**Student:** 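Below is one structure. I have some questions about it.
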There are 2 protein chains.
Amino acid sequence: MDTVSPVTTAATQNEPRGEQTRRLIVDTAVRLFQEQGYDKTTMRGIAQAAGLSVGNAYYYFPSKDHLVQEFYERIHIDHRFAAAPALATKTEFAERLHAVLAAGVDAMAPYHGFAGKFFRIAADPASPLSPFSAESTPSRERSLSLFRDVVDGTTTKIDPELKPDLPELLWLAHLGMTLYWVHDRSPNQTKTRLLVDRAVPLIDRLVALSKLRVLRPVTREALALYRTLRPSTPSPSP
Amino acid sequence: MDTVSPVTTAATQNEPRGEQTRRLIVDTAVRLFQEQGYDKTTMRGIAQAAGLSVGNAYYYFPSKDHLVQEFYERIHIDHRFAAAPALATKTEFAERLHAVLAAGVDAMAPYHGFAGKFFRIAADPASPLSPFSAESTPSRERSLSLFRDVVDGTTTKIDPELKPDLPELLWLAHLGMTLYWVHDRSPNQTKTRLLVDRAVPLIDRLVALSKLRVLRPVTREALALYRTLRPSTPSPSP
DNA sequence: GTCTATAGTGGGATAGAC
DNA sequence: GTCTATCCCACTATAGAC
């Protein structure tokens with residue numbers, strides 16, 4: 001319901017020179033995006049509100065789109081924060097997964113209003129902001145580690161054939177959930193929350209069933225296919 | 001390998017006046033997009049190359065983005081065309097589905113170069129070009145009908161509980177395939193084609209297995225969840 | 001209803017002085 | 001690192017020709 005966000009971007013002590021300016025720009029941008037939406041917030045507006053020149057903003061961020069990447073950062077921090085307690089205490093796979101996904105929805109909630117806009121940006125595979133791009137490897141890696149944590153920290157028995165790929169598969173599921181969330185117009189994103197509540201037990205059951213004799217060949221083939229076709233680590237841009 | 005495209009946009013006989021201009025604009029735009037990409041093609045450029053004024057282009061298309069919607073149209077026509085023979089002759093579910101998906105990849109192939117750009121546009125849920133928007137209902141409906149055709153025309157026995165939702169599910173799978181295709185940098189989109197070749201038998205087996213006793217509850221729950229959460233028909237914009 | 005010409009607005013991005 | 005000035009382009013407005 002209310003925000004989980006602990007992201008106060010203070011701590012302005014003993015900092016590399018431009019770091020303060022950088023933060024000032026991001027803070028202002030984030031605020032304006034929330035107040036007026038992505039499109040109506042102009043670079044001029046951001047610069048003015050921050051008491052800087054436009055050129056200066058571009059000194060730190062090569063494009064307006066790049067300011068969006070800062071959201072990923074902040075959302076991820078909130079996400080980890082909100083998921084931490086459950087990851088530290090729960091041991092069952094389903095519980096851990098549910099906690100992380102639900103925490104994800106909570107972390108994103110404050111930005112739902114203009115989520116479509118930054119989703120639009122992320123959707124372009126040529127964009128450095130695509131979740132699959134080389135440039136976003138660090139943030140992707142951080143996000144992935146959450147799901148590694150889900151898998152590694154559980155006492156639930158998991159098919160050893162599936163286990164190595166499971167974190168990445170869950171991360172993709174999380175991406176899918178986000179895709180649904182972006183399109184979810186229900187109040188407070190109730191439908192996405194319902195999706196999490198009901199999809200997690202399903203996934204849990206599927207993971208359990210994957211060892212089943214009748215399903216074994218299908219599981220094997222699906223996994224093999226995934227390994228063949230999964231996006232390879234992108235080479236850094238030239 | 002080579003293009004299937006039969007879309008010669010001729011047939012310029014006895015046509016409502018503006019229809020020719022409209023087509024001229026689209027043809028020019030498509031050509032320029034292919035030659036120089038979406039971003040580098042300007043409205044000025046399109047107008048000039050077509051021998052028209054900018055204002056005239058805007059008379060027919062409210063925005064540059066709207067020109068992209070014409071692609072969907074053309075791709076769909078090519079798609080139907082390429083899929084038609086198989087749909088008329090094959091009777092097995094897997095064969096029919098494979099034909100339609102493979103035809104889809106072929107139909108999109110000529111535009112892969114800048115697919116990311118028009119995908120970016122479609123990704124914004126607020127955009128009228130989103131595949132889920134009210135404004136694109138006709139094109140979505142046309143696309144859906146292809147998959148209805150796949151299901152209705154098969155002699156393969158399909159679980160009656162699944163059958164009514166299957167076309168929409170396949171359409172979503174097609175969307176997913178497109179998402180993969182957009183990110184597929186392999187030459188001639190080999191990986192997407194491989195995905196189709198290997199995913200279709202998997203889907204086929206899953207559809208067959210869905211009746212299985214052990215799986216029945218999972219199938220039921222998954223379907224129920226899908227029905228609850230699937231995007232409702234969007235209300236027309238105010 | 002179709003089309004031209006022209007002038008103007010606003011905003012993303014850049015060059016180059018300081 | 002910061003600023004000012006400038007460019008380019010999507011898009012709008014308008015006034016009028018066919």
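Quick caveat, the model's predicted, so the values are computed rather than measured. Just so it is clear: chains get the letters A, B, ... in the order the sequence lines come, proteins before strands, and each one is counted from 1.
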**Student:** Roughly, in whole Å, what's the span from CD1 in B:Ile25 to P in D:dA10?
**Tutor:** 15 Å
**Student:** So, do B:Phe114 and B:Tyr38 have ring centers that fall under 6.0 Å from each other?
**Tutor:** no
**Student:** For B:Asp184 and B:Ser186, test the side chains for any donor-to-acceptor distance below 3.5 angstrom and give the result as yes or no.
**Tutor:** yes
**Student:** Counting side-chain heavy atoms from CB outward, which of D:dT2, C:dG12, D:dT12 is closest to A:Thr21?
**Tutor:** D:dT2
**Student:** Return yes if the base of C:dG12 and the side-chain atoms of A:Arg44 contain a donor-acceptor N/O pair under 3.5 Å, otherwise no.
**Tutor:** yes
**Student:** For B:Leu52 and C:dG1, give me the distance from atom CG to atom C1', rounded to whole Å.
**Tutor:** 16 Å
**Student:** So which nucleotide from C:dT4, C:dT2, D:dT4 ends up closest to the side chain of A:Ser53?
**Tutor:** D:dT4
**Student:** Looking only at the side chain of A:Thr42 (C-beta and beyond, no hydrogens), which of the listed nucleotides C:dG11, D:dG1, D:dC11 gets closest?
**Tutor:** C:dG11
**Student:** Can you check the B:Gln36 CD to D:dC9 C1' distance for me, whole Å?
**Tutor:** 14 Å
**Student:** Nearest of C:dT2, D:dG1, C:dG12 to any side-chain atom of A:Lys64?
**Tutor:** C:dG12
**Student:** Quick check for you: among D:dT2, C:dG1, C:dA13, whose closest atom lies nearest to any side-chain atom of A:Ser63?
**Tutor:** C:dA13
**Student:** Classify the nucleic acid contact of B:Gly45 as base, sugar-phosphate or nothing, counting any heavy atom under 4.0 Å across all strands shown.
**Tutor:** nothing
**Student:** Whole angstroms only, please: what is the NZ-P distance between B:Lys40 and C:dG12?
**Tutor:** 21 Å
**Student:** Mind calculating the distance between OH (B:Tyr59) and C1' (C:dT2) to the nearest angstrom?
**Tutor:** 6 Å
**Student:** Is any side-chain nitrogen or oxygen of A:Asn56 closer than 4.0 Å to OP1 or OP2 of D:dC3?
**Tutor:** yes
**Student:** At less than 4.0 Å, is any side-chain N or O atom of A:Tyr60 found next to OP1 or OP2 of D:dT2? Yes or no.
**Tutor:** yes
**Student:** For B:Ile46 and D:dC9, give me the distance from atom CD1 to atom C1', rounded to whole Å.
**Tutor:** 12 Å
**Student:** Closest to the B:Tyr58 side chain: D:dG1, D:dC11, C:dT2?
**Tutor:** D:dC11
**Student:** Can you tell me if CZ on A:Arg227 sees more than 12 non-hydrogen neighbours from other groups inside 6.0 Å?
**Tutor:** yes
**Student:** Other residues, nucleotides and ligands only: do more than 12 of their heavy atoms fall within 6.0 Å of CD on B:Gln34?
**Tutor:** yes
**Student:** To the nearest angstrom, how far is A:His66 atom NE2 from C:dG12 atom P?
**Tutor:** 15 Å
**Student:** From CD of B:Gln48 over to C1' of C:dA5, roughly how many Å is that when rounded to an integer?
**Tutor:** 14 Å
**Student:** When you check the side-chain N and O atoms of A:Ser139 and A:Ser136, is any donor under 3.5 Å from an acceptor?
**Tutor:** no
